[in-house]
Amino acid sequence: MSECGCFSATTMLRICVVLIICLHMCCASSDCTSHDDPVSQDEAEKATKLKLGSIALLLVAGGVGVSLPLIGKRIPALQPENDIFFMVKAFAAGVILCTGFVHILPDAFERLSSPCLEDTTAGKFPFAGFVAMLSAMGTLMIDTFATGYYKRQHFSNNHGSKQVNVVVDEEEHAGHVHIHTHASHGHTHGSTELIRRRIVSQVLEIGIVVHSVIIGISLGASQSIDTIKPLMAALSFHQFFEGLGLGGCISLADMKSKSTVLMATFFSVTAPLGIGIGLGMSSGLGYRKESKEAIMVEGMLNAASAGILIYMSLVDLLATDFMNPRLQSNLWLHLAAYLSLVLGAGSMSLLAIWA
């Protein structure tokens with residue numbers, strides 16, 4: 001199991017490094033439109049102060065959001081065996097689904113449909129939908145291959161001892177063989193389900209982290225005070241709700257404390273890190289958000305992130321819970337879970353008005 005946590009941390013760190021390098025390559029690129037309107041020194045200083053304040057604000061919002069479900073594990077009402085837990089999970093899944101469909105995918109279509117790219121391949125082909133589709137397919141492959149790999153590892157490690165026990169038990173009593181193999185099957189099923197939950201939480205975090213860095217850079221690179229102020233408020237709620245969704249998945253994964261803290265911290269710092277990168281780019285590195293290269297990189301990454309989140313929310317979160325016999329056998333719980341799903345998606349949809 002520890003390999004899962006180590007793989008997650010290393011992979012997400014590499015993704016962030018590659019993301020930063022790609023966006024750095026967009027610096028000093030020629031704009032396909034006019035340059036940003038010049039701002040006065042006083043306005044630039046005020047904008048910088050707001051950006052520094054937004055770093056602290058998003059850090060707190062993301063940290064509180066991702067921590068609440070983790071702390072909630074200690075509350076009896078939020079334990080997995082309680083009905084309220086299904087409602088909390090449905091709300092979190094609605095937030096993640098809305099993030100992919102309403103926040104990220106439209107941004108990807110907008111960027112990759114820019115008039116700046118009319119003379120490129122992106123201007124002649126719907127790359128946003130294409131990349132999102134490939135991203136969802138890639139997530140399916142990672143999801144199934146990783147689950148299959150750890151499942152085979154589990155079987156290979158326990159197969160020998162299981163056979164020996166069966167042979168010994170057969171010599172003693174046939175009835176004991178049935179009980180032992182049934183218990184082993186239950187243990188294997190539980191282990192496989194736990195591994196799958198850990199893979200889901202890690203892949204989900206990768207999709208959310210990529211998006212968090214991008215929105216952070218967008219805020220940090222902006223020079224308009226009128227743009228920064230509403231973005232600060234909207235992105236704070238955005239990070240809070242995304243943190244709720246991710247935290248709920250991490251809590252289900254039942255990882256070691258170190259891995260849990262690492263994943264929660266990694267999510268919390270990515271948006272502030274993006275703001276810092278955008279602040280540095282806008283201050284002295286000649287970053288131009290409307291360069292062809294920047295538009296392509298941001299559009300592609302947003303589309304890939306959307307594909308990951310849409311797949312994970314529909315397949316690994318909603319389909320799993322809503323096909324659960326416990327949920328389907330209880331009409332009121334079923335309706336309550338649907339209501340929670342709508343509330344989660346609706347809450348996140350309201351934020352699309354401002355960001």
Side-chain angles (χ1 to χ4, degrees), residues 13 15-66 99 103-104 107 110-111 114 116 208-243 265-299 301-302 305 351-355:
L13 182 60
I15 287 174
C16 276
V17 171
V18 172
L19 178 61
I20 292 170
I21 292 174
C22 289
L23 289 168
H24 179 73
M25 291 172 63
C26 298
C27 297
S29 300
S30 59
D31 290 347
C32 61
T33 59
S34 59
H35 288 274
D36 298 333
D37 294 333
V39 296
S40 66
Q41 184 66 24
D42 184 53
E43 289 180 342
E45 291 178 358
K46 289 181 179 179
T48 301
K49 290 179 180 179
L50 285 174
K51 293 174 191 178
L52 293 176
S54 66
I55 290 177
L57 188 61
L58 293 188
L59 183 63
V60 172
V64 171
V66 76
T99 300
H103 288 261
I104 309 179
D107 286 345
E110 180 182 358
R111 298 302 279 169
S114 171
C116 302
I208 291 177
V209 160
V210 171
H211 175 57
S212 295
V213 173
I214 293 174
I215 61 176
I217 290 176
S218 297
L219 192 154
S222 177
Q223 296 292 342
S224 171
I225 296 177
D226 293 336
T227 300
I228 295 173
K229 284 182 177 179
L231 272 179
M232 286 177 60
L235 293 182
S236 296
F237 284 102
H238 186 281
Q239 288 300 102
F240 175 78
F241 283 121
E242 270 195 346
T265 303
F266 201 84
F267 164 76
S268 302
V269 302
T270 47
L273 175 64
I275 295 174
I277 296 171
L279 186 59
M281 288 177 171
S282 64
S283 298
L285 295 179
Y287 176 77
R288 289 292 178 266
K289 187 177 180 180
E290 298 306 321
S291 66
K292 290 183 178 180
E293 293 82 359
I295 291 173
M296 285 290 293
V297 170
E298 288 184 19
L301 290 174
N302 269 329
S305 181
L351 296 180
I353 299 174
W354 300 281

- prompt: Looking at Gln239 and Ala271, what are the two nearest heavy atoms and their distance?
  reply: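 Shortest heavy-atom separation between Gln239 and Ala271 comes out as NE2-CB, 3.5 Å.
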task: Kindly give the heavy-atom pair with the smallest separation between Phe267 and Ser212, and that separation in Å.
output: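 Heavy atoms only, the tightest pair is CE1-OG, 4.1 Å.
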To the nearest 0.5 angstrom, please state how far the [atom1] atom of [X] sits from the [atom2] atom of [Y].
X      : Y      : atom1 : atom2 : value
Thr48  : Leu52  : OG1   : CG    : 6.5 Å
Met296 : Ser114 : CE    : OG    : 11.0 Å
Leu301 : Ile217 : CG    : CD1   : 9.0 Å
Leu273 : Ser268 : CG    : OG    : 12.5 Å

- prompt: Heavy-atom distance under 4.5 Å between the side chains of Thr270 and Ile208, does that happen here?
  reply: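 No - every pair of side-chain heavy atoms lies 4.5 Å or more apart.
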message: Is there a side-chain contact between Leu351 and His103 in this structure, where contact means two heavy atoms from C-beta onward sitting under 4.5 Å apart?
response: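 Yes, their side chains come closer than 4.5 Å.
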Under the side chain to side chain contact (heavy atoms under 4.5 Å, CB included) test, residues paired with [X] that sit two or more places apart:
X      : result
Thr99  : Val95, Ile104, His211, His238, Glu242, Leu309, Met348
Lys49  : none
Ile228 : Ala47, Leu50, Lys51, Leu219, Ser222, Met232

